[in-house]
Amino acid sequence: MATLQLFNTLTGTVESLTPQGTPELRMYCCGPTVYDYGHIGNFRTFLHVDVLRRVLLQLGVPVRHVMNITDVDDKIIRNATAAQIPIGQYTAKYEQAFFEDLNALGIQLPEVIARATECIPEMVELIQKLAAKDIAYQVEDGSWYFRLNRDPEYGKLSKKDLEHIEDGARVDVDEYEKDAARDFALWKAAKPQETSWQTAIGEGRPGWHIECSAMAAKFLGDTFDLHAGGEDLMFPHHENEIAQSECASGKTFARHWMHVRFLLVEGRKMSKSEGNFYTLRDLLLKGQRASAIRFLLLSVPYRNQMNFTLDGLVESTNAVDRLRTFRQRLQSQAWPAGSNAELAVTIQQAAEKYTSALAHDLNTAEARAAIFDMVRAANTAADHGLLQADNAAAALRVLASFDAVFNILEDRDAELTKAALAWAEAEGRMAEVAPEVLEKFGANSLSDAAIEALVAERTQAKKTRNFARADAIRNELLAKGILLEDSKDGVRWKRK
RNA sequence: GCACCGAUGGCGAAGUGGCUAACGCGCUGGUCUGCAAAACCAGUAUUCAUGGGUUCGACUCCCAUUCGGUGCUCCA
């Protein structure tokens, strides 16, 4: 069994990733701050981490994956205050939405979900440990800071030179009497009317970086195998995590670091002001399929910047259809017994190429290509009457192992779009729904039973060679987004 | 300003110091079909941003230029 080769940001090289010290591979992935709906850039990261864990599982490596939920931070406090509700009530809604979105995108849940607000004691302990070494210090207003010049290795992840940073630092004014401008907050002293915790180091709330350090240690130990996140988190967030954790424990924090590169949308950085900011829900309400979004976001390997476009989504939708149609073809026909030896070899080669592509730094593009190679070869053979039962079974097995990672063959798209519609209704956002989505999936849309009835009527018409009527029904259905295909084994239909 | 990354066909996107530069989508023609759809077949980059250099040989290594992106500040 191959071992996964994965680029390590810390060393700048591709290295084997294997569990050290425990049977399961221990990994930590920075999760969302639940102050709003997630956008597709967020999900590109989670999607590639999902690929990582699925590939590991496929390679026979058990995984203990921890993801944090940041449910207290400045934005959350600001928004909850504005809405005049407790922060827990405010974040619960977005946390739920986040999990719904993960489900829509077919992302597996981590073994451990860690909420920041549920791990305050561990964070306090960590700060106390640092304080005992005089690496954490408290300033007049009660906040705690990290003494950066006590960590000689600071900058090793992002390859930054601390000296250089300090002379170039834009001055963040020492309003709290920090000892050095670059020292970062570990604990923010309570302000009137803000959520805070009464603790041994004073009343306040955690800084952004300390939560990940504390929770990673709590659930994975001082040292663990892999830490993952978006590339933008590399500095300062991950750098600060390393500083806090390694200074406190005196041990290596994460051995291996994985960073998923940024997503552009229509060639530009996604931002609300550019008008290219998409949440998953936005796209579903525009009629995009969840499976196509997943497949598109996975089609470009994680270490490359990816440009997300609506055209790309069209491509992706059609590509997913090709794969689904292929699987359906293999499953729905009785193939002659036996095995075509030549085709068997081709299928085997595709399977090997697929596995090695993923094992080699998660090259999803190449893995995808290997599967399409197989699809074409098998389709060609089938068209020439050269596909036999053993080949079909082998191809289906390869397809299943592909889908154990890519997870797009099961068609949940209609159901997910309907769920998005229900959400839009509940949130009073029906104005954002594209008209054709309403037509296809709304209250007045055709039910499966109604479609089946029309299909049956058309089949009857065809039998009596009433092609005018048959075509009329087909066109009527097409206008409502239902596509018919006549095959030897009867009529198939699908929603476009 | 400093640092880093990228530039491959109509679009998206792999890849390698030397076989016909993957794969997907699209497009054109054909086969199949009552007609379609699906699938298949053929075609669709003498060429990998531009200019130099190294080499027997570079799209692949080096340098410069141009363009795009990112980080240095909250951010997946």
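Only heavy atoms go into these numbers, but all of them, side chains included; no hydrogens, no water, no symmetry mates. Lettering of chains follows the sequences in order, A, B, ..., and the numbering in each one begins at 1.
One cannot find a donor-acceptor pair under 3.5 Å joining the base of B/A76 and the side-chain atoms of A/R44. With hydrogens and angles ignored, no donor-acceptor pair closer than 3.5 Å exists between the side chain of A/N379 and the base of B/C41.
Applying the 4.0 Å criterion to OP1 and OP2 of B/G12, one finds that A/T309 has every side-chain N and O outside that range. Here A/W493 does not reach the OP1 or OP2 of B/A37: none of its side-chain N or O atoms lies under 4.0 Å away.
Paired with A/H209 under the rule ring-ring contact (aromatic ring centres under 6.0 Å, His included), one option of A/F235, A/F253, A/F184 passes, and it is A/F184.
A donor-acceptor contact closer than 3.5 angstrom links the side chains of A/E211 and A/N68. Judged purely by distance below 3.5 Å, without hydrogens or angles, the side chains of A/R205 and A/T195 never pair a donor atom with an acceptor atom. A donor atom on one side chain and an acceptor atom on the other are not found under 3.5 Å apart for A/D101 and A/Y37.
A gap of 24 Å separates the P atoms of B/U60 and B/A3, to the nearest Å. The gap from the P atom of B/C62 to that of B/U55 amounts to 16 Å, rounded to the nearest Å. Rounded to whole Å, the separation between the P atoms of B/C59 and B/A21 comes to 12 Å. Using P as the reference atom, B/G43 and B/G68 are 38 Å apart when rounded to the nearest Å. Atom name C1', nucleotides B/A7 and B/G15: the rounded distance is 15 Å, in whole Å. One C1' atom belongs to B/G12, the other to B/U31, and the distance between them is 29 Å to the nearest Å. The gap from the P atom of B/G9 to that of B/A22 amounts to 14 Å, rounded to the nearest Å. Between the C1' atoms of B/G53 and B/A14, the separation comes to 28 Å (whole Å).
Qualifying side-chain contact (heavy atoms from CB on, under 4.5 Å) partners for A/R469, counting only residues two or more places apart in sequence or in other chains: A/E457, A/A461, A/N466, A/A472, A/I473.
Residue A/V260 is out of contact with every strand shown, counting any heavy-atom pair closer than 4.0 Å. In this structure, A/G312 reaches neither bases nor backbone, as no heavy-atom distance under 4.0 Å exists between it and the strands shown. At the heavy-atom level, A/L296 lies nowhere under 4.0 Å from the strands shown. Within the 4.0 angstrom heavy-atom criterion, only backbone atoms of the sugar-phosphate kind lie near A/N363; the bases stay farther away. Within 4.0 Å (heavy atoms only), A/P32 reaches no atom of the nucleic acid at all. Within 4.0 Å of A/S487, counting heavy atoms only, lies no atom of the nucleic acid at all.
Atom-to-atom, CE of A/M67 to P of B/A76 comes out at 13 Å; the value is rounded to the nearest Å. B/U33 atom P lies 16 Å from atom CZ of A/R458, rounded to whole Å. Between the CG atom of A/L484 and the C1' atom of B/G34 there is a distance of 16 Å, rounded to whole Å. Atoms CD1 (A/I69) and P (B/A76) sit 12 Å apart, rounded to a whole Å. When the C1' atom of B/A37 is taken as reference, atom CZ of A/R492 falls 9 Å away, rounded to whole Å. With rounding to whole Å, A/D73 atom CG is found 15 Å from B/U73 atom C1'. Between the NE2 atom of A/H237 and the C1' atom of B/C72 there is a distance of 18 Å, rounded to whole Å. Per the geometry, NE2 belonging to A/H384 stands 7 Å off C1' belonging to B/C40, to the nearest Å.
When each of B/A39, B/C72, B/A76 is scored by its nearest atom to the side-chain atoms of A/N42, the top-ranked nucleotide is B/A76. Checking B/C35, B/C72, B/A37 against every side-chain atom of A/L483, the shortest atom distance belongs to B/A37. Of the candidate nucleotides B/G34, B/C41, B/A13, B/A13 has the atom lying nearest to any side-chain atom of A/N307. Nearest nucleotide to the side chain of A/E231, out of B/U70, B/C35, B/A39: B/U70. Set against B/A14, B/A38, B/A76, the side chain of A/T33 has B/A76 as its closest nucleotide. Taking the side chain of A/T380 as heavy atoms from C-beta on, and the options B/C40, B/C72, B/A37, the nearest nucleotide is B/C40.
At a threshold of 4.0 Å, the pair A/R324-A/D411 counts as salt-bridged, since one of the basic side-chain nitrogens sits closer than that to a carboxylate oxygen. Between A/D50 and A/R294, at least one side-chain N (NZ, or NE/NH1/NH2) sits under 4.0 Å from a carboxylate O, which counts as a salt bridge. For A/R495 and A/D448, the salt-bridge test passes: some basic side-chain N is under 4.0 Å from an acidic carboxylate O. Between A/K494 and A/E485, at least one side-chain nitrogen of the basic residue sits less than 4.0 Å from a carboxylate oxygen of the acidic one, meeting the salt-bridge criterion. One finds no salt bridge joining A/R458 and A/D471 here, because no Lys/Arg side-chain nitrogen approaches an Asp/Glu carboxylate oxygen to under 4.0 Å.
Each of A/E366 and A/F467 lies near RNA chain B, and the nucleotide nearest A/E366 is the one positioned closer to the 5' end. Residue-to-nucleotide proximity on RNA chain B shows that, of A/L264 and A/R474, the 5′-proximal contact is made by A/R474.
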Handout entry: From CA spacing to verdict: side-chain hydrogen bond (donor to acceptor under 3.5 Å, both in side chains), A/D361, A/Y302
Key = CA-CA 9 Å; A/D361 205 19; A/Y302 78 96; 2.6 Å; yes
Fill in the blank from the handout: Output field dot_bracket for RNA chain B (Watson-Crick or G-U, both distances under 3.5 Å, | for other-strand pairs) contains (((((((..(((.....[....)))((((((.......))))))....(((((..]....))))))))))))....
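Remark: A/R44 is not positioned above the aromatic ring of A/F308, lacking an NZ or CZ atom under 6.0 angstrom from the ring centre and at most 45 degrees off the axis.
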Handout entry: Contact pattern, 5' to 3', of nucleotides 23-32 of chain B - B, S or - by protein heavy atom under 4.0 Å
Key = SBSS------
